[in-house]
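Convention: sequence-line order gives letters A, B, ...; per-chain numbering from 1.
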Amino acid sequence: DTEVTQTPKHLVMGMTNKKSLKCEQHMGHRAMYWYKQKAKKPPELMFVYSYEKLSINESVPSRFSPECPNSSLLNLHLHALQPEDSALYLCASSQGQGNQPQHFGDGTRLSIL
Amino acid sequence: AQTVTQSQPEMSVQEAETVTLSCTYDTSENNYYLFWYKQPPSRQMILVIRQEAYKQQNATENRFSVNFQKAAKSFSLKISDSQLGDTAMYFCAFMKLYNQGGKLIFGQGTELSVKP
């Protein structure tokens with residue numbers, strides 16, 4: 001069982017829809033991450049939150065909007081996505097120091113119609 | 001900029017045998033961390049092993065061990081007594097450190113198949 005929980009596991013949405021991905025961890029970690037992963041490719045970092053503040057934004061389009069309501073929760077709000085945004089979205093967390101390993105969730109498989 | 005290269009897109013090994021996955025990286029930093037993650041078809045990324053660059057001793061976790069050659073910037077993963085459950089995509093990753101955390105830079109991955 002994973003200690004990082006992501007919901008939903010699968011999401012199909014139209015290009016005009018608004019939806020949100022949710023990530024939750026109860027390990028006391030203070031850094032949380034969003035990654036995008038295409039099939040047979042490595043994960044690509046999108047955002048990093050450290051102590052509930054956005055610390056890294058890898059030039060992600062504004063149709064992706066992250067939110068960190070508290071130290072255990074991380075959301076990714078989606079609006080007006082494009083078909084090329086279809087991918088596996090992975091959430092991860094770590095203790096906060098850069099040298100600590102990241103623990104990943106199972107991901108949300110997103111399909112844009 | 002840091003880069004991570006995995007030169008073997010696919011590999012296969014017979015059950016109970018040993019296999020080595022290669023990884024090289026490029027960096028000008030002296031203090032960094034390296035990781036191997038596996039991603040089975042269930043899609044969860046699972047940490048396999050971690051190596052601190054300042055440690056000369058190679059990391060070991062049960063059947064998994066690394067050969068870390070800092071001067072050559074090489075970080076290979078050896079899997080002993082391969083099991084069917086080891087079938088997965090394996091990613092080598094370099095941790096770039098920031099003031100408030102770290103950024104993982106992944107290689108392209110090696111798809112490992114363990115055959116009965």
Side-chain angles (χ1 to χ4, degrees), chain A residues 1-6 9-10 23 25 27 29-60 68 71 74 87-110, chain B residues 1-6 8-10 21 23 25 27 29-55 59 61 64 66 88-113:
Chain A
D1 289 339
T2 179
E3 295 171 323
V4 177
T5 304
Q6 289 188 243
K9 293 195 182 303
H10 302 273
C23 174
Q25 58 88 14
M27 295 179 283
H29 289 175
R30 303 313 300 266
M32 296 186 76
Y33 311 78
W34 279 116
Y35 289 87
K36 174 183 177 180
Q37 186 180 25
K38 291 284 202 178
K40 304 255 185 198
K41 295 291 185 182
E44 297 174 355
L45 183 66
M46 300 174 72
F47 303 103
V48 180
Y49 272 84
S50 179
Y51 292 84
E52 301 162 50
K53 292 191 185 330
L54 183 65
S55 62
I56 297 177
N57 177 342
E58 292 288 287
S59 302
V60 178
C68 189
S71 59
L74 185 65
L88 180 68
Y89 288 83
L90 293 165
C91 174
S93 69
S94 68
Q95 287 184 351
Q97 291 84 17
N99 62 347
Q100 296 303 310
Q102 296 176 18
H103 299 259
F104 285 81
D106 287 343
T108 294
R109 178 79 62 192
L110 177 65
Chain B
Q2 288 80 12
T3 58
V4 179
T5 302
Q6 294 179 249
Q8 305 149 314
E10 298 177 355
L21 280 56
C23 173
Y25 58 94
T27 183
E29 298 178 13
N30 193 47
N31 185 26
Y32 51 88
Y33 298 81
L34 296 163
F35 301 86
W36 277 98
Y37 280 88
K38 68 181 275 191
Q39 189 175 36
S42 63
R43 79 194 190 195
Q44 185 191 1
M45 293 282 285
I46 302 167
L47 176 67
V48 176
I49 203 163
R50 176 177 79 158
Q51 176 78 45
E52 292 89 344
Y54 62 86
K55 288 187 177 179
E61 287 288 339
F64 299 88
V66 298
M89 181 74 87
Y90 286 80
F91 291 102
C92 177
F94 174 98
M95 175 70 81
K96 178 177 172 64
L97 299 178
Y98 290 90
N99 287 339
Q100 294 177 325
K103 173 182 175 179
L104 280 174
I105 299 168
F106 289 93
Q108 290 300 304
T110 296
E111 190 166 18
L112 176 68
S113 296

**OP:** Show your working on side-chain contact (heavy atoms from CB on, under 4.5 Å) between Leu104(B) and Tyr33(A) and close with a plain yes or no.
**Re:** CA-CA 10 Å; Leu104(B) 280 174; Tyr33(A) 311 78; over 6 Å; no
Original post:
Heavy-atom distance under 4.5 Å to chain A: side chain of Tyr32(B), backbone, both or neither?
Top reply: neither
**OP:** Answer yes or no: are there more than 12 heavy-atom neighbours, outside Lys55(B) itself, under 6.0 Å from its atom NZ?
**Re:** no
Original post:
Around atom CG of Asn31(B), are there more than 12 heavy atoms of other residues, nucleotides or ligands at under 6.0 Å?
Top reply: yes
Original post:
Is there a side-chain contact (heavy atoms from CB on, under 4.5 Å) between Lys96(B) and Leu45(A) once you walk through the steps?
Top reply: CA-CA 12 Å; Lys96(B) 178 177 172 64; Leu45(A) 183 66; over 6 Å; no
Specify the closest pair of heavy atoms between [X] and [Y], including all atoms of both residues, with the distance to one decimal.
X	Y	value
Pro101(A)	Arg50(B)	CD-NH1, 3.5 Å
Lys9(A)	Arg43(B)	O-NH2, 2.9 Å
Pro42(A)	Phe91(B)	CA-CE2, 3.4 Å

Subject >> Most chain A-contacting option - heavy-atom pairs closer than 4.5 Å, from Glu52(B), Gln39(B), Met89(B) >> reply: Gln39(B)
**OP:** Rounded to the nearest 0.5 Å, what's the gap from CD on Gln100(A) to OH on Tyr33(B)? Could you check?
**Re:** 8.0 Å
Subject >> Selection from Arg30(A), His103(A), Glu44(A), Arg109(A) maximising heavy-atom pairs under 4.5 Å formed with chain B >> reply: Arg109(A)
**OP:** Might you work through the side-chain contact (heavy atoms from CB on, under 4.5 Å) test for Gln102(A) and Met45(B), ending with a clear yes or no?
**Re:** CA-CA 9 Å; Gln102(A) 296 176 18; Met45(B) 293 282 285; over 6 Å; no
